[in-house]
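First up is the structure itself, then whatever we jot down about it.
Computed over heavy atoms, backbone and side chain alike; hydrogens, waters and symmetry mates excluded.
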Amino acid sequence: MAQPAAPALRICPDCDGFASVAITLGGRDRHGHLRTITAHCPACHGTGTTTARRDREGARA
């Protein structure tokens, strides 16, 4: 018996799949490492994908 296919995941349109980035705060710490923070895409919460959206039939725009 065939298994049902999982719904296809779509790439997030806001971040184009690059959901997390490291941002340099400028300067270095006393060990010589760059100080960075991680920022996540607010639309996909750092996953890079969104679920496929189902349009309802008969819905008006």
Side-chain angles (χ1 to χ4, degrees):
M1 178 179 267
Q3 296 293 325
L9 295 175
R10 292 185 176 182
I11 294 176
C12 176
D14 293 333
C15 65
D16 289 329
F18 296 97
S20 298
V21 295
I23 300 171
T24 304
L25 296 175
R28 296 182 180 264
D29 64 7
R30 61 187 175 133
H31 299 291
H33 300 129
L34 282 173
R35 296 183 307 160
T36 60
I37 59 171
T38 304
H40 300 291
C41 174
C44 65
H45 304 289
T47 62
T49 58
T50 59
T51 57
R53 205 169 114 192
R54 292 179 51 187
D55 292 331
R56 294 186 334 192
E57 283 189 39
R60 293 185 181 187

Students should find that the hydrophobic cluster of L25, defined by side-chain heavy atoms under 4.5 Å apart, otherwise consists of V21, I23, I37
Tightest non-hydrogen contact, residues R35 and G26, listed as NH2-O, 3.1 Å
Query raised in the report: So does I11 have more than 12 non-hydrogen atoms from other groups sitting under 6.0 Å from CD1?
Result: no
With sequence neighbours left out, the residues meeting side-chain hydrogen bond (donor to acceptor under 3.5 Å, both in side chains) with T36 are none
Can you list, pair by pair, the side-chain donor-acceptor contacts under 3.5 Å of residues 41-49, counting residues two or more places apart and other chains?
{"unit_1": "T47", "atom_1": "OG1", "unit_2": "C44", "atom_2": "O", "d": "3.0"}
{"unit_1": "T47", "atom_1": "OG1", "unit_2": "T49", "atom_2": "N", "d": "3.4"}
{"unit_1": "T47", "atom_1": "OG1", "unit_2": "T49", "atom_2": "O", "d": "3.2"}

Contacts of D16 meeting side-chain contact (heavy atoms from CB on, under 4.5 Å) (sequence neighbours excluded), chain-then-number -> none
Sorted by chain and number, sequence neighbours left out, side-chain contact (heavy atoms from CB on, under 4.5 Å) with H33 holds for D29, H31
